[in-house]
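Working notes, structure below.
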Amino acid sequence: MDVTEILEAHQAQFKPITVEKLVPVDFDINMLVTFDTNALDEKTLKSKTNTDKYLLELTRDNTQLIVNELFKLPVNSADAGVLAVLPHRKSILPREKELPKDKPLTRWEKFAKVKGIQNSKRERMVYDEETGAYKPRWGYQGAKEEGTVAQDWVIPVPDHGDPMEDQYAKVREEKKGRSETNAKRQRRNQEEGTAATLAGKKDIKEFKKHELQTAIAASKQATASLGKFDAKLKHETKMKGITHQFSETIGDVKAEKNSSLDILKKIVGKNDIVNTEKAVRMQSKREYAANFDNKKKWADKKKFENKKGGDRKRDRDDKKKGGKR
Amino acid sequence: MLRTVKAKNARAKRFLKNREAKVHENPKNTLVVRGSTTSQVVSDALKDLYALKRPNAVYFSKKNEIKPFEDEEKLEFFSRKNDTAHLVVGTHSKKRPHNLTFVRMYNHTVLDMYEFGIENPKSMNSIPGPKCSLGLKPLMVFNGDRFESDEKCKSIKNFFLDFFNGEETSAINLAGLEHVISLTATPDDRILFRTYSIEMKKSGLKTPRVELAEMGPNYDLKMKRVNVPKLDMWKSAVRVPKEVKPKKAKNIEVDEMGDKYGRIHLGKQEIDKIQTRKMKGLRKRGPDDKEDAEEDTAAKKQKVDEEE
């Protein structure tokens with residue numbers, strides 16, 4: 001037929017886009033990469049002159065194959081232009097940083113979650129009825145702070161209020177009180193969060209009851225009466241089964257004699273004018289202090305010897321700017 | 001150790017938040033730095049790599065004393081301070097001439113390191129011709145079955161994929177495919193690194209005919225020391241957050257005819273607990289009731305007959 005001949009003649013003008021490969025080539029289209037596992041022509045690779053040409057042809061073939069695949073993709077026309085939509089990645093690449101850790105929820109966030117309260121963002125622009133235009137809620141051309149002369153040019157005294165009281169000061173004090181409670185709550189949330197994360201729990205209430213109790217019992221050992229007379233918290237129960245151990249009044253006479261004599265010796269029985277224990281302590285401290293200076297000097301000397309010209313200033317810049325730029 | 005910087009204004013806070021760990025990460029930055037002694041070859045190579053990786057790259061114009069395989073702390077410090085996940089260090093010595101060390105970080109600790117010696121260099125300036133525009137994604141080609149069979153070459157392949165094409169994209173402009181980087185693994189432990197610029201010619205069909213012209217840097221990289229990533233670190237680096245995992249569509253079946261089906265589960269019906277007290281029709285009828293009902297119907301019939 002004439003038409004096919006014409007088409008073939010037309011096509012013969014151009015170079016082909018098909019490529020023949022022994023082993024079919026693998027792609028990862030999302031990463032625009034071709035993996036060709038065909039055997040390489042080692043002879044040409046060894047020869048100096050022909051390698052570049054061989055590599056160019058090989059790369060051209062493989063690039064043609066992936067371009068063929070890319071032009072088959074579905075196309076999206078967006079503002080930026082005509083884009084081809086890529087499928088998901090096949091290759092596994094490592095991340096740059098860790099997965100982000102879930103932050104512990106604050107008290108309000110927990111409550112809102114339970115009640116199903118959604119956070120709705122407020123618009124910055126508010127309709128101002130007096131002027132009939134939209135003005136920012138805060139900031140450059142927006143409403144000033146409530147309770148200042150700029151915003152409320154008059155504050156009426158309430159019905160049974162003191163007429164001599166400064167209403168502006170009153171508003172200021174109230175605001176200060178509110179911001180202080182807010183700061184307190186923030187600090188409390190942060191403390192609870194860090195306590196929970198340190199213990200590996202997400203919530204401070206997740207501390208098991210018996211873990212808390214063992215911690216409390218351990219802390220009670222600090223007093224001689226083992227926490228019997230410590231100030232208790234509201235619902236704290238009495239510690240059971242733990243008492244201050246006293247030795248028996250009648251029993252081992254020899255042991256009692258020895259312990260009493262030891263106490264007496266420590267207090268009265270010292271014949272030396274010098275307190276030997278204290279002297280040993282003081283001497284060891286002095287020795288340590290003396291050696292410390294020597295060690296430091298020696299370490300610095302080594303550093304100087306290693307550096308070329310020993311430019312200390314460069315070293316400081318190095319550390320400050322994250323490397324010499 | 002770096003002291004943690006506290007943000008004093010909103011701009012600083014935004015900057016620090018950008019550097020934090022995220023679900024969808026930023027494109028990885030590269031730090032290109034020269035060691036204490038370098039040769040012209042190495043300096044040119046570093047400059048070319050920096051040009052290829054712009055704008056996500058930092059180039060230190062001064063030399064720094066850094067020995068990658070001995071001094072991991074310094075690498076971590078640089079990575080943390082400059083927020084870079086890739087580092088390229090160039091050195092030259094008699095024992096290791098024209099050396100390039102590529103380092104990859106995970107969480108600012110060394111994940112893997114690859115050392116190459118440059119042979120047969122050809123810089124971008126020495127090859128005449130058009131160069132590609134800045135910041136475009138290159139096509140990549142890996143030739144040779146060694147990239148599949150050899151462990152070291154496999155990790156080198158993964159590294160170079162990440163280095164040049166690691167950025168997450170969901171769509172590309174087909175007109176922006178301007179250059180291709182090809183890496184060939186030869187049996188004698190060499191990676192032949194070539195860069196070409198793409199010319200799309202008419203082919204009579206929709207898909208163009210691809211022609212390549214030599215462009216950018218060409219090197220024969222001789223493989224030297226290779227530190228592959230440790231398994232446990234690799235495993236944690238490769239974890240996908242559940243927000244990114246593709247969601248499986250549950251309860252949708254398509255049968256042979258092409259009809260979509262889903263199932264609704266009603267639960268077990270307890271017949272003896274159905275409410276029957278409030279339905280008149282379900283009430284039990286006594287024998288009297290039955291006669292009345294019949295009489296009524298009979299009466300109705302009679303009436304009808306009489307009317308007729």
Side-chain angles (χ1 to χ4, degrees), chain A residues 10-11 13-17 23 28 30-40 42 45-46 51-52 55-56 58-60 62-64 66-68 70-73 75-76 78 80-86 88-89 91-101 318-319 321-325, chain B residues 20-23 25 28 33 60-64 77-78 81-82 85 106-107 111 137 139-145 147-148 158 161-162 165-166 169-174 177 180 182 184 186-187 192 194 196 198 201-212 214 234 237-239 241 246:
Chain A
H10 182 255
Q11 200 60 27
Q13 284 180 306
F14 304 111
K15 289 200 184 149
I17 60 165
V23 179
D28 186 346
N30 184 289
M31 311 213 62
L32 311 176
V33 69
T34 320
F35 301 112
D36 181 7
T37 48
N38 285 305
L40 298 167
E42 296 183 19
L45 281 179
K46 283 195 183 144
T51 40
D52 282 339
L55 287 174
L56 190 128
L58 182 61
T59 315
R60 192 222 77 80
N62 291 328
T63 320
Q64 180 72 65
I66 191 167
V67 166
N68 292 349
L70 287 173
F71 274 78
K72 287 184 203 162
L73 291 173
V75 165
N76 222 354
V82 177
L83 302 170
V85 179
L86 297 167
H88 287 296
R89 268 189 194 177
S91 327
I92 302 172
L93 292 182
R95 282 171 58 95
E96 177 185 28
K97 298 186 179 119
E98 278 186 322
L99 292 174
K101 289 181 202 127
D318 189 8
K319 281 199 159 61
K321 289 180 189 169
K324 289 170 207 171
R325 293 185 173 250
Chain B
E20 266 176 13
K22 294 181 197 169
V23 172
E25 293 196 307
K28 292 188 188 180
V33 63
F60 279 2
S61 45
K62 280 201 181 161
K63 293 187 187 177
N64 279 281
F77 171 67
F78 278 6
K81 195 82 188 213
N82 297 292
Y106 170 66
N107 219 12
L111 181 63
K137 250 197 156 183
L139 291 173
M140 293 190 82
V141 177
F142 286 88
N143 300 316
D145 58 345
F147 279 124
E148 295 296 316
N158 191 295
L161 258 184
D162 191 19
N165 256 345
T169 45
S170 54
I172 47 150
N173 191 343
L174 292 172
L177 302 168
V180 60
S182 102
T184 315
T186 63
L192 307 175
R194 301 282 182 271
Y196 306 102
I198 298 177
K201 299 272 163 85
K202 275 200 211 175
S203 73
L205 305 160
K206 201 173 87 166
T207 322
R209 159 95 184 167
V210 162
E211 292 292 346
L212 302 179
E214 268 200 25
W234 179 259
V238 150
R239 274 176 70 195

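Numbers restart at 1 for each chain; the letters A, B, ... are given by sequence-line order, proteins then strands.
- At least one side-chain heavy atom of Asn64(B) sits under 4.5 Å from a side-chain heavy atom of Phe78(B).
- Interface remark: Leu45(A) contributes side-chain atoms only to the contact with chain B (heavy atom separation under 4.5 Å).
- Asp28(A) has its side chain within reach of Phe35(A): a pair of non-hydrogen atoms, C-beta onward, lies under 4.5 Å apart.
- With a 4.5 Å cut-off on non-hydrogen atoms, Arg194(B) touches chain A through its side chain but not through its backbone.
- Of the charged side-chain nitrogens involved, none lies within less than 4.0 Å of a carboxylate oxygen, so that Glu25(B) and Lys97(A) do not count as a salt-bridged pair.
- Proximity to chain A (any heavy atom under 4.5 Å) is restricted, for Val180(B), to the side chain, taken from C-beta onward.
- Looking only at heavy-atom pairs under 4.5 Å with chain A, the residue among Lys206(B), Lys201(B), Arg209(B) that has the most is Arg209(B).
- Heavy-atom pairs under 4.5 Å with chain B peak, among Leu56(A), Ile66(A), Thr51(A), Asn62(A), at Leu56(A).
- Of the two parts of Asn76(A), neither the backbone nor the side chain holds a non-hydrogen atom closer than 4.5 Å to a non-hydrogen atom of chain B.
- At least one side-chain heavy atom of Asn158(B) sits under 4.5 Å from a side-chain heavy atom of Pro94(A).
- Most heavy-atom pairs under 4.5 Å with chain B, from the set Val75(A), Val23(A), Val67(A): that is Val67(A).
- Using a 4.5 Å cut-off between heavy atoms, Phe147(B) makes no contact with chain A at all.
- When atom types are taken as modelled, the side chain of Arg95(A) and the backbone of Glu98(A) share a donor-acceptor pair closer than 3.5 angstrom.
- Contact of the Leu177(B) side chain with the Leu32(A) side chain is registered, since non-hydrogen atoms from C-beta on lie closer than 4.5 Å.
- Most heavy-atom pairs under 4.5 Å with chain A, from the set Asp162(B), Asp145(B), Asn107(B): that is Asn107(B).
- Looking only at side-chain heavy atoms (C-beta outward), Tyr196(B) and Val210(B) stay at 4.5 Å or farther from each other.
- The shortest side-chain heavy-atom distance between Thr59(A) and Thr184(B) does not fall under the 4.5 Å cut-off.
- The CG atom of Asp36(A) sits 10.5 Å away from the CD atom of Glu148(B) when rounded to the nearest 0.5 Å.
- Of the atoms belonging to Asn68(A), heavy atoms from both backbone and side chain fall under 4.5 Å from chain B.
- Of the listed residues (Pro187(B), Ala85(B), Ser170(B)), the greatest number of heavy-atom pairs within a distance under 4.5 Å of chain A belongs to Ser170(B).
- If you tally non-hydrogen atom pairs under 4.5 Å between each of Leu205(B), Ile198(B), Thr186(B), Leu174(B) and chain A, the highest count goes to Leu174(B).
- Only the backbone of Val82(A) comes within less than 4.5 Å of a heavy atom in chain B; its side chain stays farther off.
- Asn30(A) places no side-chain N or O within donor-acceptor distance of the main-chain N or O of Leu86(A), the cut-off being under 3.5 Å.
- Between chain A and the residues Pro241(B), Ala237(B), Ser182(B), the most heavy-atom pairs under 4.5 angstrom are made by Ala237(B).
- If you measure heavy-atom distances from Ile92(A) to chain B, the contacts under 4.5 Å come from both the backbone and the side chain.
- Only the side chain of Ser91(A) comes within contact range of chain B, judged by heavy atoms closer than 4.5 Å.
- Here Glu96(A) is the residue among Glu96(A), Arg89(A), Lys46(A), Lys72(A) with the most heavy-atom pairs under 4.5 Å with chain B.
- When the candidates Val238(B), Val141(B), Leu111(B) are compared by the number of heavy-atom contacts under 4.5 Å with chain A, Val141(B) comes out ahead.
- Only the side chain of Glu42(A) has a heavy atom closer than 4.5 Å to any heavy atom of chain B.
- To the nearest 0.5 Å, the span separating NZ on Lys137(B) from CD1 on Ile172(B) amounts to 8.0 Å.
- Remark: Glu20(B) does not engage Lys22(B) in a salt bridge, criterion side-chain N to carboxylate O under 4.0 Å.
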